[in-house]
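Computed from a prediction, not measured in an experiment: that's the story for all the values here.
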Amino acid sequence: MSSSLPVPPSAAGASQAEDKQPKPPAPVMNFPNSPIPKNPLGEGRYIKTAAALIIGDEILNGNTLDRNSNYFARFCFENGIELQRIEVIADDELEILEASQRMVQKYDFVITSGGIGPTHDDITYASLAKSFGQELKYHDETIARMEEASRHRTWITQQSEEQRTARKRMALFPEAGEVLFVASDIWVPVVRLEGKLCILPGIPSLFQKLLDNLKPFLPLPTQDARPFRLQVFTPLPESSIAPFLTALQKRVKPENIRIGSYPLLQPGAHIALIGLDRERVKELGLEVEKELQGRMLSAEETETMIKIKRQ
């Protein structure tokens, strides 16, 4: 039997009226961005190679679909960076230590994704601090931005001291890290360690926005150092085009041009030609088109095809 008291009709009506009251809109944030620092790789150098370290038990147990590594791969390609490695590891300190140290030694640009929230399994900041011999320290500006961005939320005032401390863990960074505020409407910064490793959140919308806004803070390759990709569709099955593509790849390998073949469910395949010399890639595209009964895809068709593959 319920022990709750009945609600008088007048009170119920008042409660419903309150529920229908429009909630005040969230304030529009306009935080200042960080100034652009000096090139962390050294004057005149730029990023050539990259790696991604995706951290999270939820990725490995299938509970969450990893979209961030694909987005990072596209980011690298579009900006002329050769992404050479993607690893997915558990929320495990020893694994984070080993992978982060190895990647920073080997690659020019490393990102981590995930594990920077307020709960017990969010150990990325602490693990990376230990990995590079640093203590953890609260970052006052991040805390101030966090508070400003959350002050319109009523639940903030109802949190216990323990809950507020957990929330502040999201501003507990390796003490020597560069704290880069890259987006004026987000309080979350990108923390960079060793001039190479950038710590990003696992939430795809945040990951994507912070990564895109990080571009001015990165020593990216010049336009002429960025590869050009051309796609050709052929209705022939892969077994029929394999001998020609094998010979073609052998012939153009000294020119640093790569050939890839991607079969479709129905008969046919997409052939990708990638290289720095745009005109040479187009010339080879015409050859592929002729030899394999193919058709070069427009930039719009290529973009549509990539989006379909990502779904």
Side-chain angles (χ1 to χ4, degrees), residues 34 36-42 44-57 59-60 66-117 122-134 136 139 170 172-183 188-204 206-221 225-227:
S34 298
I36 304 298
K38 291 182 179 179
N39 184 341
L41 299 182
R45 296 185 60 196
Y46 62 85
I47 295 170
K48 295 181 180 179
T49 61
L53 183 60
I54 311 299
I55 301 169
D57 293 346
I59 303 294
L60 291 171
D66 168 37
R67 299 184 184 277
N68 294 341
S69 60
N70 178 265
Y71 195 86
F72 184 60
R74 292 197 68 193
F75 176 90
C76 288
F77 183 85
E78 291 166 1
N79 288 284
I81 301 168
E82 184 178 356
L83 177 59
Q84 295 186 342
R85 191 166 191 84
I86 295 173
E87 289 187 24
V88 182
I89 62 173
D91 294 302
D92 180 272
E93 182 184 88
L94 291 179
E95 289 197 41
I96 295 172
L97 264 63
E98 187 279 325
S100 62
Q101 291 172 1
R102 170 170 43 83
M103 287 181 168
V104 163
Q105 288 177 358
K106 190 169 183 180
Y107 305 106
D108 300 325
F109 178 37
V110 179
I111 62 100
T112 68
S113 164
I116 61 172
D122 290 309
I123 62 170
T124 297
Y125 286 138
S127 299
L128 291 174
K130 188 172 183 179
S131 183
F132 299 104
Q134 300 179 27
L136 288 168
H139 191 259
M170 294 187 287
L172 188 59
F173 304 148
E175 61 180 350
E178 286 180 272
V179 180
L180 303 173
F181 293 104
V182 302
V188 182
V190 175
V191 179
R192 180 161 61 188
L193 302 177
E194 306 294 303
K196 290 184 175 184
L197 187 149
C198 291
I199 307 170
L200 294 168
I203 299 171
L206 274 178
F207 177 93
Q208 293 172 16
K209 184 158 191 173
L210 290 174
L211 180 62
D212 289 340
N213 283 274
L214 186 62
K215 285 171 67 173
F217 298 82
L218 301 174
L220 296 173
R226 301 180 185 185

* P174 versus L136, closest heavy-atom pair with distance -> N-CD2, 3.7 Å

For a quick test of your reading: what N or O donor-acceptor pairs under 3.5 Å do the side chains of residues 76-86 make, sequence neighbours left out?
{"from": "E78", "atom 1": "OE2", "to": "R74", "atom 2": "NH2", "distance (Å)": "3.4"}
{"from": "N79", "atom 1": "ND2", "to": "F75", "atom 2": "O", "distance (Å)": "2.8"}
{"from": "R85", "atom 1": "NE", "to": "E87", "atom 2": "OE2", "distance (Å)": "2.6"}

* Main-chain N/O of S131 paired with Q101 side-chain donor or acceptor, under 3.5 Å -> yes

* **CG on N39 to CZ on R45, rounded to 0.5 Å** => 8.0 Å

* So, for I116 and M170, which heavy atoms are closest and what is the spacing to 0.1 Å? -> O-CG, 3.5 Å

* When rounded to the nearest 0.5 angstrom, what is the spacing between CG in L197 and CE in M103? -> 9.0 Å

* **For L53 against S100, the heavy-atom pair lying closest together** => CD2-N, 4.2 Å

* For the atom pair CG (D92) and CD1 (I55), what is the distance rounded to the nearest 0.5 Å? -> 10.5 Å

* Output the distance between atom NZ (K196) and atom NZ (K106), rounded to the nearest 0.5 Å. => 12.0 Å

* Measure from the side-chain N and O atoms of N68 to the backbone N and O of G202, and report whether any donor-acceptor pair falls under 3.5 Å. => yes

* Asked: Parallel, tilted or perpendicular for F181 and H139, by the 30°/60° rule?
  -> tilted

* **Heavy-atom check, side chain of P219 versus side chain of F109, under 4.5 Å** => no

* **I203, CD1 atom: more than 12 neighbouring heavy atoms under 6.0 Å** => no

* Asked: Between L220 and K215, what is the shortest heavy-atom contact and its length?
  -> CD1-O, 4.0 Å

* Side chains of I199 and F173: does their closest heavy-atom pair fall under 4.5 Å? -> no

* Asked: For the atom pair CG (L218) and CD1 (I47), what is the distance rounded to the nearest 0.5 Å?
  -> 4.5 Å

* Taking the side chain as every heavy atom from C-beta outward, state whether Q134 and L193 have any pair of such atoms under 4.5 Å apart. => yes

* Asked: Is the side chain of D57 donor-acceptor paired with the backbone N or O of A90 at a distance under 3.5 Å, no angle test?
  -> no

* Structure fact -> Here the pair of heavy atoms bringing F72 nearest to A51 is CE2-O, 3.8 Å

* Asked: Can you check whether I59's main-chain N or O pairs, donor with acceptor, with D66's side chain at less than 3.5 Å?
  -> no

* Mind checking whether E178 and S34 have side chains closer than 4.5 Å, heavy atoms only? -> no

* Asked: Does one side chain, of T124 or T112, offer a donor that lies under 3.5 Å from an acceptor on the other?
  -> no

* To do: Would you give the length of the straight line joining atom CD1 of I36 to atom CG of L180, rounded to the nearest 0.5 angstrom?
  => 8.5 Å

* At their closest point, which heavy atom of V182 faces which heavy atom of N213, and how far apart are they? -> O-CB, 3.3 Å

* Asked: Does NZ or CZ of K209 come closer than 6.0 Å to the centre of the six-membered ring of F207, within 45° of the ring's axis?
  -> no

